[in-house]
Amino acid sequence: MPFLEVEGISKSYGSTKVVDNVSFSIAEGETYGLLGPNGAGKTTTISIIVGILQRDSGSIRINGKEHSVTDKASKAHIGFVPQQLAVYPDLSAVDNLRFFARLYGLSRADARRRSEEVLEVIGLSDRAGETVSAFSGGMARRLNIGIGLLNRPGLLILDEPTVGVDPQSRNAIFENVKKQTGEGVAVLYTTHYMEEAERLCDRVGVIDGGQIKAEGTQRELVSAVGEDDTIVLRMDGGRESAIRTLEALPETKQVSGEGSEITMLVADARAVLPQVLDSLTQTGTVLRSVEVREPDLEAVFLHLTGKALRD
Amino acid sequence: MSAILTILIKDLRQRSRDGTLLLFALALPLGLAFMLNALLGGSSGSGEGGFTAEYTVVDEDGGDVATAFTEGVLGPLEDDGLLTVTTAATEDDGIESVESGDADAAFIIPSGFSDSLADGESVELTVIGSANAPEAVQVAREIGRAFAGEHRRIQLAVTIAAEGSDTDGAELAQRAGETAAPVTVEEDASAQRRELDTVTYYSAGTAFFFLFFAAMFSVNSIFEERGNGTLARLLAAPISRPGVLAAKLSSAVLVGIASMAILVIASSLLFGADWGAPLGVAALSVSGVLAAVGITAGVAGFAGNSEQALNWLSVIAMLLGVLGGALFPITQLGALSTLSYFTPHRWFLDGLANLSADGSVATVLTPVLVLLGMAAVGGGAALFRMGRMLHS
């Protein structure tokens, strides 16, 4: 049973529909990415799920139970990391954590203990007593995420958590997210960075204009839009015989050569690569390098919406 | 309840570190009360906390009525130590005494004053006041008006009596003049007892005036939370929206009560202010704080952002303070003084004045109920606009 089930939720402001019949689900231990440009409806969708905004229609179930804005029990299952740095700059890191821990119903002792644990997880134990206003952007981001982990959520929702973050902190955030899914947490992750969705998410929903345009694993999405993988082979001579060998393979869709380089299009490069290498070895071709280029989510998004992710 | 308490404690910690709030809630009220006491209370002489003034009388008339004024009206007040009266020969001397600061005001009784009054003609008793002693000048004007009013009553009585009597009108007037009571010390003292003394008035007025600013900064924390994104986190947490609003307003109320308590104690110790019976002061202070927070929250509910809320609330705090007599006596507002009944400041200060009159806590019941009513109206408006206030 999915931990989060979203069915046909919609939200309008006046005549503008900002979320339009959005449906998806996330299983325990799964990371679901909502991929779309700014203004696509990602944050509004998340705001509805966490209970900040009232939906106009549709239903949300968390852990099998109907969820609403006033439902404290289901809210307690959600860890929320807003896009904005939602921390108190005039309080210390540990005070921020203890405050939110208490807000989620942890006892004083549990809040203290859990705050220490989270500080360890986000790597801020040595800066616990410092006021957040003295933190770098990356440290504040890590604290922002840490607050979302305090209540040991079954569903962790992160809204563009890496905006303006240095590479080191970004990697730390990715590691934290993976650790959570490893512990069975369902993760909803919004981003407009294609690389993040590819690296982190088991499944992706491509959202634009408030609508989910397509959904699935990266491979499924690429297949659905009909984009091919590319294998680029570089070799020392024997190009023509190699081309003939590759053309004979049943999975080959197209082969072309230029200089010492051969480019071939196939439906699934990972599946066909061993066969390609075997065939070329049998013909005595000496390969200098092999590169597989899979169509990325950027291409999928472009195909689905007619525009680039950063438009 | 635990979540509300958690937010409340967090807010109080933040407010205690807020320099602007401390400035508006404590430093400015005390500073302004000290300045007003020094400038307005001190110049008219506030020995032992009471009012005294120095007047010059220029009697160019020397008639019966003029003598009745100087001896019958000013004399008893001087005997009671409220006034010091000196005389000057000419109007110029009288003006000189005021300009040199020797007198707070001068009464000029023109030549022919008594005869003109006896003939039923109108005459002027001129009061020349010092700009540096507005309170003493106001008192001088009121003494002049009271005397004029008393004289008119005698004239009317004589006219009515003469119409149905064989007695000669002049004789009646003489009798009336002999028996008419001057503006007695007892009557004035009775009126004075319903007024706060200068020190307490300015201490209470400034404290309540700045209470609105303290409430403003506390209520504005809702907009601050929205601005820094933490409001979204509060709304996503397992706590109801009314709970979030209750926590925010509770912190404003506690800050207000703490501010008032400190100001009451500090003004009593530092300036000698006499606020009255502690229980009555506590009832008025708590209901006053509730009114201030309720009105502030109600207005903030209609603001779109922090800047707009602060602008609106600053203007309203000023208007209510001025109209409510928090900074200067309501009598100086003239016809506008009726509006003061729509301000919590008026009711708060009236409550304190009632308390000082007879010391009974029961006398503050009406002001307290009015203040609680204002709190309910403001709080209701805030609750009605909660959705707008708490959207992240």
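The analysis underlying the following values was restricted to heavy atoms, covering all of them including side chains, and did not include hydrogens, waters or symmetry mates. Throughout, protein chains are lettered first and strands after them, A, B, ... in sequence-line order, and every chain is numbered starting at 1. Because the structure is predicted, anything quoted here is derived from the model rather than measured.
Listed in order of number, the residues of residues 95-103 of chain A that approach chain B to under 4.5 Å between heavy atoms are A:Asp95, A:Phe99, A:Phe100, A:Arg102, A:Leu103. Within residues 148-161 of chain A, the residues having any heavy atom less than 4.5 Å from a heavy atom of chain B are, in residue-number order, A:Gly148. For residues 60-82 of chain A, a heavy-atom distance under 4.5 Å to chain B picks out A:Val69, A:Lys72, A:Lys75, A:Ala76, A:Phe80, A:Val81, A:Pro82, given by residue number.
The CD atom of A:Gln84 sits 11.5 Å away from atom CZ of B:Arg226, with the distance rounded to the nearest 0.5 Å. Note: B:Thr230 OG1 to A:Leu85 CG = 11.0 Å, rounded to the nearest 0.5 Å.
Counting non-hydrogen atoms of neighbouring residues, nucleotides and ligands closer than 6.0 angstrom, the CD atom of A:Gln168 reaches no more than 12 such neighbours. In this structure, A:Met139 places its CE atom where more than 12 heavy-atom neighbours from other residues, nucleotides or ligands lie under 6.0 Å away. Sparse packing is recorded around CD of B:Glu307, with 12 or fewer heavy atoms of other residues, nucleotides or ligands lying under 6.0 Å away. Residue-environment remark: CG (B:Leu279) stays at or below the threshold of 12 foreign heavy atoms within 6.0 Å.
Heavy-atom minimum distance, A:Tyr104 versus B:Ala237: OH-CA, 3.6 Å. Pairing each heavy atom of A:Asp90 with each of B:Arg17, the nearest pair is O-NH1, 3.1 Å.
Of the residues B:Arg13, B:Arg233, B:Glu225, B:Gln14, the one that meets the side chain to side chain donor-acceptor pair (under 3.5 Å) test with A:Tyr88 is B:Glu225.
Looking at residues two or more places apart in sequence or on another chain, you find no ring pair (Phe, Tyr, Trp, His ring centres under 6.0 Å) involving B:Trp275.
Contacts of B:Ile9 with chain A are absent, with no heavy-atom separation under 4.5 Å from either backbone or side chain.
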